Every structure is written in C-alpha cells, then in structure tokens.
Amino acid sequence: MVNLKINGIDIQVEKGTTILQAAKMANVKIPTLCHLDMGKIGFVNKDANCRVCLVETMNNHKLVSSCDTLVKEGMDIRTDTLKVINARKTNIELLLSNHPCDCLVCSRNGNCELQDLAAVANIKEIKCKGERIKYPLDNLSPSLIRDPNKCVLCKRCETMCNKVQTVGTLTDIGRGFPTFIGSEFKIPMTETKCTYCGQCLNVCPTGALTEVTSTDKVLKALMDDEKIVLVQTAPAVRVALGEEFGMEKGQIVTGKMVTALKKIGFDYVFDTDFGADLTTMEEATELVQRLTSEKNLPMFTSCCPAWVNFLEHNFPDMIDNPSSCKSPHEMFGAISKSYFAKENNIDPKNIVVVSIMPCIAKKYEAKRDELSNEAMQDVDYVLTTRELSNIIKNMSIDFVNLEDSEFDSPLGESTGAGVIFGSTGGVMEAAIRTAYNIITGEDLEKIEFKELKELKGFKEAEVDIRGRKVKAAVVSGLGNARKVVELIRNKEKDYDVIEVMACPGGCVNGGGQPLLRGNTDTIEKRMKAIHSEDRNKVLRRSYQNPSIKKLYNEYLDYPGSEKSHHLLHTTFKVKTTVEK
C-alpha cells in the first residue's frame with residue numbers, strides 16, 4: 001500500500017494506482033479529456049495526450065498528468081493550485097484554438113466533453129488565434145461521418161478501433177500541428193475495412209465522429225399521403241431511450257416509446273422482437289440441420305452486420321459458417337413488403353419501413369444489395385436511438401409523462417426470446433430454446449443460462465439435447481471474436497454454435513445508443529432490464545408466438561421452406577478488395 005495526500009486528504013491506495021484513480025477514491029474530481037476507462041469491457045485510454053488532467057506534486061512543485069503517473073509513498077498532490085488551474089485552462093484554450101466554433105450546429109452540442117471542459121474552466125474567449133487545420137469531411141459512408149477538423153487527438157477512437165475491436169482502420173496521420181486521426185493513406189472510410197460498429201463514435205468526446213442521419217428523409221415520408229410508413233423498434237432501444245430524457249438508467253420505456261412513435265405520425269408501430277422470433281425459428285432450424293449433417297460447424301449467428309462485415313473482410317475461409325438468416329429487422333422488412341402488404345391490400349412500393357436501432361451498422365446493412373426483394377430494399381431507413389430522441393424533443397413531446405401504448409398487431413406480438421436479442425447471449429439462448437424443442441418436441445426446462453448473462457467478452461455454455469452435447473460460445477467485441485475464430489482455426493477450441501456481437505456487451509451498447517462516457521454500469525443496467533422483460537413475458541419461446549404460427553400457416557409454410565429462404569435468408573461475400 002502507498003500513503004499520500006490529495007488536496008490535504010490522507011489516503012492509502014495500492015501500489016500501481018495512478019494519481020487520477022487515487023483522486024477518485026478521495027472523491028476529488030480531476031477533469032480529463034483523452035482518458036477513458038471502460039475496464040469491464042477491456043478499454044483503457046491513458047496516453048496523456050491532452051494534458052488536461054495536470055496536477056501539482058508539492059514535493060517538487062512539478063506539473064504531471066494524473067492519468068498516467070503512478071502514486072509514490074509520501075506524495076503530496078494538489079489539484080487546486082493557481083499553477084494547476086492556469087496550466088489546465090491554457091491547454092484547453094490551445095485545443096479550442098484549433099477547433100471549429102460551430103457549436104450551435106454541431107451534432108454534439110450540449111453533449112460535448114470539450115464544451116463541458118471550457119465551461120468548467122470558465123473560458124469566455126479564445127485567446128490563441130492563428131492557423132487552423134482544414135481537412136475535407138469524409139461523408140461517403142452510409143453509417144459514419146468523420147470530421148478531422150473537430151478531432152482533438154485524444155486517440156480514444158484509435159485505441160478502440162485497434163486494441164479493442166482489432167479492426168485497424170483508424171490511426172494518427174502526420175506529425176506536429178497538422179496531425180489528425182484518420183484512415184491510412186487518407187482514404188475514405190468506405191475504402192477501408194471499417195465494419196461501422198460505431199464504437200469509435202461511442203468514445204469520441206467531440207463531433208469528430210458522428211452517424212449519418214436519415215431524420216429528414218423519414219419526416220418527409222411521414223408527410224407523404226401516398227406512403228404507408230411502418231416503424232419497428234429493436235429491443236435494446238426500449239432500455240436506453242429514457243436516458244435521453246433524464247430517466248433512470250436501464251429503465252424500460254416500451255409503452256411510452258410506442259405512444260411517442262404514434263404521436264410522431266407513423267401509420268403502424270411494430271416490434272423488431274417479432275422479427276427476432278422469426279429469426280429464431282429460421283436460425284434454430286438451420287442449426288438443427290447443421291448439427292444433423294455435421295456440416296459448416298460451428299454456425300455463427302448473423303444478426304450483427306458489423307460482425308458479418310468483419311468476417312467478410314478478415315476470414316474468407318469461414319464465409320460458409322455464418323447462418324444464412326437475415327437479421328431480425330431485415331426479416332421484418334421483407335415480411336412487411338410481402339405478407340403484410342398482401343394481407344392489407346397495399347402496394348409494397350408504397351410501404352416505407354423505418355427501423356429504430358441501437359446501431360449505426362444497421363444503416364450500412366439496409367443498403368446491402370443482398371437485402372432486397374423485387375427491386376426494393378427490405379428496410380428503407382434506419383434511425384438510431386439518439387435520432388429518435390431528437391425527433392421526440394423537436395416535436396415537443398413530453399416523453400416522461402406519456403401514457404403507455406401497445407404495439408400494433410400482428411407484427412408487434414413477440415415472446416421473451418425476441419426481447420433478449422438486445423443483450424449479449426440473447427440470440428444464443430433464444431436459438432437453443434427453439435432448437436431443443438425441434439429435436440425433442442419438449443420445452444427446455446432450464447430456460448435461462450446464467451453463464452451467458454454477465455458482462456464478459458467471452459462466455460461458454462453446454463446444453464444436453466437427447467445425449468448430444470451442444471457446445472455454445474457467446475462473444476461480444478470484435479477483438480474477442482478474432483481470438484475465438486483463431487482458436488477454432490488452430491483447432492484449440494471446438495463449438496457447435498457461436499453468437500457474435502460486434503459491440504462489447506451486445507446491442508445495449510451499440511454505436512447508436514445514448515453516449516455513456518465510459519459508464520459500464522449503465523450497460524449492465526440495460527442488460528438486466530432486457531432480461532427482466534423476458535422473465536415477465538407470458539410466452540418466452542419463439543415457437544409459442546401465435547402471430548409467428550399464423551405467418552407460417554398462411555404464408556411461409558414452415559421454417560426453412562423454399563419461400564422462407566427466398567424472403568428471409570441471404571448470402572455473404574468475401575471482401576478481398578475494398579468496396580467503393
């Protein structure tokens with residue numbers, strides 16, 4: 001243990017603790033910018049790039065960065081001396097001197113860490129005036145916009161992209177004043193191996209990384225009398241949307257969300273959980289077929305478009321291993337423009353399908369050529385949780401005090417198995433519940449796999465189905481996915497089915513969710529809320545959903561049928577060259 005003082009407070013901490021960590025234990029807040037600790041999901045950025053967290057060591061009156069300086073016996077640290085305050089303010093002013101002054105029209109206005117620091121430091125003018133870097137906007141991607149001019153060189157995104165996700169797209173370019181974070185050779189993101197997972201956006205403190213928005217296009221469609229606009233909401237949205245309105249972290253706001261969407265003007269408000277139940281039926285059937293034939297095992301889930309993109313770029317030898325099932329919101333879109341259109345005598349060309357997703361990769365996914373039918377994309381527009389909250393606020397809807405409403409039928413009916421798709425391990429659990437029934441004709445008694453409910457990047461489970469030990473793995477975070485695939489390649493591990501989600505923690509921590517600023521406790525609260533909704537459902541297995549039964553009886557025939565494959569399944573492609 002090490003004894004020291006922070007602002008006159010005696011404190012004892014373990015050897016190897018940083019000054020910043022020690023200060024937190026002493027309830028002394030030190031402002032930071034580049035530092036970000038998301039230890040539960042393996043992310044720590046402490047390169048001391050911004051110099052905002054400076055403190056003074058009274059033993060020698062030196063200024064040191066608290067995020068990477070380890071404590072020493074007898075240290076006397078001050079965070080509140082005039083020397084510290086002036087140095088900190090100067091460093092923030094220098095950052096602002098090379099930063100655009102367009103806060104009022106910036107997407108991060110009101111939720112910008114640099115803006116917050118300037119307010120705390122009481123900066124009223126930019127004293128250091130001079131040349132600023134000027135780089136073109138990279139807005140060619142369907143999901144992500146990169147503005148190098150707003151980059152503060154914190155390198156959070158670089159750490160996330162390279163060390164956590166192992167995608168390797170972002171890096172620092174140049175030296176000295178012109179340095180910025182971008183892609184190698186300054187090529188657009190569309191020409192890189194970017195998966196559009198959005199985790200770089202999640203950790204960016206400013207507006208240097210933002211999502212592509214379709215808000216105006218959706219609002220325009222809502223005002224078109226010829227269009228029937230359907231909206232579907234992913235399970236992870238309902239446990240995060242309330243945070244945008246000051247509600248408790250992880251609070252389930254399903255009913256209020258439905259009411260808000262109806263007030264916005266959508267013709268039908270449906271639940272992506274219906275699509276998740278449908279995905280489960282198709283995916284579980286495919287799993288049973290593969291277990292029987294012993295071909296293309298392990299089967300990877302294919303619900304996460306960022307993971308699919310990652311595999312297509314990095315593992316061409318495993319292109320046949322992902323399930324051929326479309327993701328739930330894409331299945332929903334396909335059914336909306338076929339079965340739903342037929343049942344309601346609507347021309348499919350007049351149907352506009354809008355998906356509310358916790359994910360920016362879904363924007364990319366919706367534009368994939370493979371995810372279309374009859375020259376129509378399954379899903380027309382994707383909005384993130386953040387975009388939906390902005391629409392609700394702009395329409396002056398009092399979200400907190402809204403009454404609860406129910407989803408419309410029949411595409412709004414779902415089971416608990418559909419709900420848990422929003423949390424890491426949920427897709428696996430839902431699939432095994434149904435696969436067990438297909439093989440045995442019985443309901444799986446142990447309906448909850450406790451091994452799969454912790455916030456860990458890699459988890460394993462084993463289920464006995466009529467003497468066949470089905471080995472399952474659950475992976476979240478692309479870096480962890482890479483490790484598992486390498487283990488399988490090297491024959492060090494053997495699995496039958498593997499769920500992969502690109503975002504650490506699953507969709508609850510998607511790139512389109514309310515920004516966490518490193519708060520992993522919120523991820524866990526969202527996960528618990530997802531599983532509590534599952535437990536409170538009367539029906540918890542996808543094959544019990546009466547609307548799903550009706551869909552197969554009246555339209556699709558049976559899971560895995562020729563019609564099901566035509567509408568609900570897709571193909572993948574090896575990306576040996578970049579996509580333009």
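This one's a predicted model, so the numbers in the text were calculated from it and none came from an experiment.
Looking at heavy atoms from C-beta onward, Phe332 lies out of side-chain contact with Thr272 at the 4.5 angstrom threshold. Residues Glu330 and Val379 form a side-chain contact, since some pair of their non-hydrogen atoms from C-beta on lies under 4.5 Å apart. Taking the side chain as every heavy atom from C-beta outward, Ser327 and Glu365 approach each other to under 4.5 Å. Side-chain contact between Leu144 and Cys200: present, with at least one pair of heavy atoms (C-beta onward) separated by less than 4.5 Å. Inter-residue side-chain proximity for Lys217 and Leu383 is flagged as unmet; no heavy-atom pair is nearer than 4.5 Å. Residues Lys263 and Met395 fail the side-chain proximity criterion, which asks for heavy atoms closer than 4.5 Å. Under the 4.5 Å side-chain criterion, counting only non-hydrogen atoms from C-beta, Asn202 is not in contact with Leu516. Side chains of Glu370 and Lys326 form no contact here, defined as non-hydrogen atoms less than 4.5 Å apart.
At a threshold of 4.0 Å, the pair Glu406-Lys256 does not count as salt-bridged, since none of the basic side-chain nitrogens sits closer than that to a carboxylate oxygen. Between Asp317 and Arg489, at least one side-chain nitrogen of the basic residue sits less than 4.0 Å from a carboxylate oxygen of the acidic one, meeting the salt-bridge criterion. Salt bridge status for Lys471 with Glu462: absent, with no side-chain N to carboxylate O gap under 4.0 Å. The pair Asp464-Lys469 meets the salt-bridge criterion, since a charged nitrogen lies less than 4.0 angstrom from a carboxylate oxygen. Ion pairing between Glu286 and Arg290 holds under the 4.0 Å rule for side-chain N and carboxylate O. One finds a salt bridge joining Lys337 and Asp380 here, because a Lys/Arg side-chain nitrogen approaches an Asp/Glu carboxylate oxygen to under 4.0 Å.
In this model, no donor atom of one side chain and acceptor atom of the other lie less than 3.5 Å apart for Ser141 and Ser143. Side-chain contact, Asp277 with Asn545: a donor N or O sits under 3.5 Å from an acceptor N or O.
Counting non-hydrogen atoms of other residues, nucleotides and ligands closer than 6.0 Å to CD of Glu226 gives a total of 12 or fewer.
Atom OG1 of Thr522 is separated from atom CE of Met527 by 13.0 Å, given to the nearest 0.5 angstrom. Taken to the nearest 0.5 Å, the CG atom of Leu311 stands 8.0 Å off from the CG atom of Asn314.
The cationic group of Lys563 lies under 6.0 Å from the six-membered ring centre of Tyr555 and within 45° of the ring axis, placing it in a cation-pi geometry.
The one candidate from Arg526, Met501, Lys528 that meets the side-chain contact (heavy atoms from CB on, under 4.5 Å) condition with Val508 is Arg526.
Qualifying side-chain hydrogen bond (donor to acceptor under 3.5 Å, both in side chains) partners for Ser547, counting only residues two or more places apart in sequence or in other chains: Glu413. For Thr166, the side-chain hydrogen bond (donor to acceptor under 3.5 Å, both in side chains) criterion is met by Arg482, not counting sequence neighbours.
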